[in-house]
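Each ligand, and each atom within it, is numbered from 1 in the order the structure gives.
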Amino acid sequence: MPQTDTILVIGSSGQIGTELVMNLREQFGSSHVVASDLKDAAPEVMESGPFETLDVLDRQRLHEIISKYKVTQVYLLAALLSATAEQNPMFAWKLNMESLFHVLELAREGHIKKIYWPSSIAVFGLTTPRDNTPQFTSIEPSTIYGISKQAGERWCEWYYKKYGVDTRSLRYPGLIGWKSAPGGGTTDYAVHIFHEALKNNQYTSFLSENTMLPMMYMPDAIRATLEIMDAPAEQIRIRGGYNLAGMSFSPAEIAAEIRKHRPDFKIDYAPDFRQQIADSWPRSIDDSEARNHWNWKPEFDLDKMTSDMLINLSKKLTVKL
Ligand code: NAD
Ligand code: AKB
């Protein structure tokens, strides 16, 4: 990346943004990575480089920030996630789509060179094969969040084909990390369970015992994001959203894994409205295209992720493992 490139991360105070900004600053230099969000970010983000308060729905303000810093790349992370979106569908549609339109249009007008916009396993629906879900398959999402991701993928590809806008996108599975809290998704239980295991040795899961979902440890997700953005344009042959896989497990399986470190840990189950969302998503993902096109390879499986989560989270929470 040439020295003159500057990155704007929109939604930098969320689960992914908190970690992504720090990684981008390490790689590209703090002054070249501008964090922005409605709310203040974690202290490490606020203190290590520029931060701008931004409502991404305010196109004028977004344009001002892009001009002020001569931004060339945008990572658009602001969105309502699956569970929150189901409870506020009209606003979710507005936020998830208008934010993307603002960024795509600013790119079409020549203000930005490259866009990262995350999609999700939520693009898939009840007519999709649930095991080893392929890249190209039936895509009929049944949540507002999934519909917004499906539409966003199509818009990203359309701007690429029509105007040559360099859009890149990954269909993240549920993401698990110890540095930041999840923001209203169906896969959030897989983060909550670690906090509750360390604090109370007990967790009540809002998904049922055998609900298998695709998941990924945050270091893998951040690396995949940086790798797809760094890859030469000709290697990016899918402009909608690449399937991306790390691991798959159910609440019962992750509880068993945690018990290897905390033998007294107990789990029970009280499925709520999120169960129906989870039941419409794949159990596992085939990410051959990402592996073949730009050499993607995950590092963390369930065993390795669980050990790393427990070690780091126990230090952060100052709880004995
Ligand atoms: P998050 O909810 O943790 O963070 C989103 C951030 O956006 C928040 O800090 C919020 O304050 C900010 N935001 C909301 N409205 C805004 C607005 N109008 N203007 C500016 N900022 C605003 O979400 P996340 O988990 O970090 O996810 C980021 C992106 O990745 C989303 O598009 C999400 O759909 C996608 N994704 C996440 C996961 C996951 O497991 N975390 C999985 C698949 C896809
Ligand atoms: C959610 O559960 O909504 C997200 C996702 C998989 O997109 N974590």
What does the contact table look like for ligand 2 (nitrogen or oxygen on each side, cut-off under 3.5 Å)?
residue	atom	partner	partner atom	Å
ligand 2	2 (O)	Ser82	OG	3.4
ligand 2	2 (O)	Thr186	N	2.7
ligand 2	2 (O)	Thr187	N	3.1
ligand 2	2 (O)	Thr187	OG1	3.4
ligand 2	3 (O)	Ser82	N	3.1
ligand 2	3 (O)	Ser82	OG	2.5
ligand 2	7 (O)	Ser120	OG	2.6
ligand 2	7 (O)	Tyr145	OH	2.7
ligand 2	8 (N)	Thr187	OG1	2.8

Hey, what polar pairs (N/O, under 3.5 Å) does ligand 1 make with protein?
residue	atom	partner	partner atom	Å
ligand 1	3 (O)	Gln15	N	2.8
ligand 1	9 (O)	Gly14	N	3.1
ligand 1	9 (O)	Asp37	OD2	2.7
ligand 1	11 (O)	Asp37	OD1	2.6
ligand 1	18 (N)	Asp55	OD1	2.9
ligand 1	19 (N)	Leu54	O	3.3
ligand 1	19 (N)	Val56	N	2.9
ligand 1	26 (O)	Gln15	N	3.2
ligand 1	26 (O)	Ile16	N	2.9
ligand 1	32 (O)	Lys149	NZ	2.9
ligand 1	34 (O)	Tyr145	OH	2.6
ligand 1	34 (O)	Lys149	NZ	3.0
ligand 1	40 (O)	Leu175	N	2.9
ligand 1	41 (N)	Gln15	OE1	2.8

Can a salt bridge be assigned to the pair [X] and [Y] using a cut-off of 4.0 Å between side-chain N and carboxylate O?
X	Y	result
Glu109	Arg59	yes
Arg262	Asp264	no
Asp5	Lys113	yes

(message) Main chain of Leu207, side chain of Ser205: is a donor-acceptor contact present, judged purely on distance under 3.5 Å?
(response)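 A pair under 3.5 Å: yes.
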
(message) Treating Ser13 as the side-chain partner and Asp40 as the backbone partner, does any N or O pair qualify as donor plus acceptor under 3.5 Å?
(response)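 Judged by distance alone, yes, a pair lies under 3.5 Å.
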
(message) Under a 3.5 Å threshold, yes or no: a donor from one side chain and an acceptor from the other, between Asp230 and Gln27?
(response)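 Result is yes, a qualifying pair exists.
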
(message) Among residues at least two apart in sequence or on other chains, which ones pass side-chain hydrogen bond (donor to acceptor under 3.5 Å, both in side chains) with His293?
(response)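 Scan of His293 (side-chain hydrogen bond (donor to acceptor under 3.5 Å, both in side chains), adjacent residues dropped) gives Arg237, Tyr242.
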
(request) Report the residues that fulfil side-chain hydrogen bond (donor to acceptor under 3.5 Å, both in side chains) with Tyr75, sequence neighbours left out, ordered by chain and then residue number. (result)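 Residues passing side-chain hydrogen bond (donor to acceptor under 3.5 Å, both in side chains) with Tyr75: none at all.
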
(message) Tell me whether the NZ or CZ atom of Lys94 lies within the 45° cone about the ring axis of Phe91 and under 6.0 Å from its centre.
(response)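 The answer is no; the distance or angle limit is not met.
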
